[in-house]
Amino acid sequence: MNKKNLPVEFVYQLFALIIAIIIVHAFYVSVVRPTAAEIIERQNMEAAADPDYVRERSAWVLIKDLEQESCFILMFWALAIMGYKAVKLSRERRLLEVDLVQVPEGMRILPEDTREFARRVQGLEDGQRQMLLPRALMNALRRFGTTRSIQDVSSSTHTICESEAERLESELSMIRYISWAIPSIGFIGTVRGIGEALAQADKAVKGDIAGVTQSLGVAFNSTFIALLISIFLMFLVHQLQLMQERLVYDSENYCDDKVIRHMKVD
């Protein structure tokens, strides 16, 4: 919102990443990889005993590799960032339900009255005064008191809301980068798996294809999980962007309906 809040959000994102790494890695070490290793060992024994045995696809085996772990870490990090932004947006939306200026229907706001109405907005808490709606209202009242031009007030209010929309859009760049990085990590797993499979081609020629199939499993599983996570994250990103756009649009309409339409120049 302002420079004072930037370090808070940065610290939050940093700790969210650290916590995501710790929790996901601990879960992988204690649950995912031991369970996957047990399933693979059991399937190998059954395949050795029965030539017609068909291996079942297990979710634990699908997510056991390093690339999938990295994708889940990034997913939870992105979810934490989006949750933080969604909470901030919901707080701002709550102000839209409050009549901050309190102009009775039929009453007109003259340029001489702007200070009185501005004091009501200034009475908000420090954190609330930095939100979009109070800033837009304060700008409208001050501009009207200074320029005595309703057209100028309307234009400046639109400019503030437009710049806020651009700022909110730019703040989604980190989340979009994470959503792009997750499929890229999946493709890295694909390259790694195919490379390992090619390195064991000589064994496959001799009839031992276990290593090749396991490496190919790494290749396809990593991309499969990464794409699923990316699809899920991009859906949430678009929902968050929709919330931001609605906040800006509703804030501008609030200013028009509650303040600007009541203004009158003698």
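What you find for M243 and A86 is that their closest heavy atoms are CE-O, 4.2 Å.
Sparse packing is recorded around CD of E41, with 12 or fewer heavy atoms of other residues, nucleotides or ligands lying under 6.0 Å away. Atom CZ of R108 has more than 12 heavy atoms from other residues, nucleotides or ligands within 6.0 Å. Heavy-atom contacts from other residues, nucleotides or ligands closer than 6.0 Å to CZ of F235 number 12 or fewer. Atom CZ of R115 has 12 or fewer heavy atoms from other residues, nucleotides or ligands within 6.0 Å.
In this structure, CD in E252 is found 8.0 Å from CD1 in I260, a value given to the nearest 0.5 Å. Atom CZ of R129 is separated from atom CD of Q122 by 7.5 Å, given to the nearest 0.5 angstrom. H25 NE2 to S70 OG: the interatomic distance, rounded to the nearest 0.5 Å, is 10.5 Å. Here CD1 of I109 is found 10.0 Å from CD1 of I150. Values are rounded to the nearest 0.5 Å. Going from atom CG of L247 over to atom NZ of K88 covers 11.5 Å, rounded to the nearest 0.5 Å.
The side-chain contact (heavy atoms from CB on, under 4.5 Å) search around I18 returns L14, I22, not counting sequence neighbours. Residues passing the side-chain contact (heavy atoms from CB on, under 4.5 Å) test with R176, sequence neighbours excluded: E169, L172, V237, Q241.
Within the 4.5 Å cutoff, no side-chain heavy atoms of L141 are placed close to those of V153. Counting heavy atoms from C-beta outward, W77 and V24 have side chains that stay 4.5 Å or more apart. At a threshold of 4.5 Å between non-hydrogen side-chain atoms, the residues L95 and Q128 count as touching.
Under 4.0 Å is where a charged nitrogen must lie from a carboxylate oxygen, and between R93 and E97 no such pair does.
Members clustered with I188: none, using a 4.5 Å side-chain heavy-atom cutoff among hydrophobic residues.
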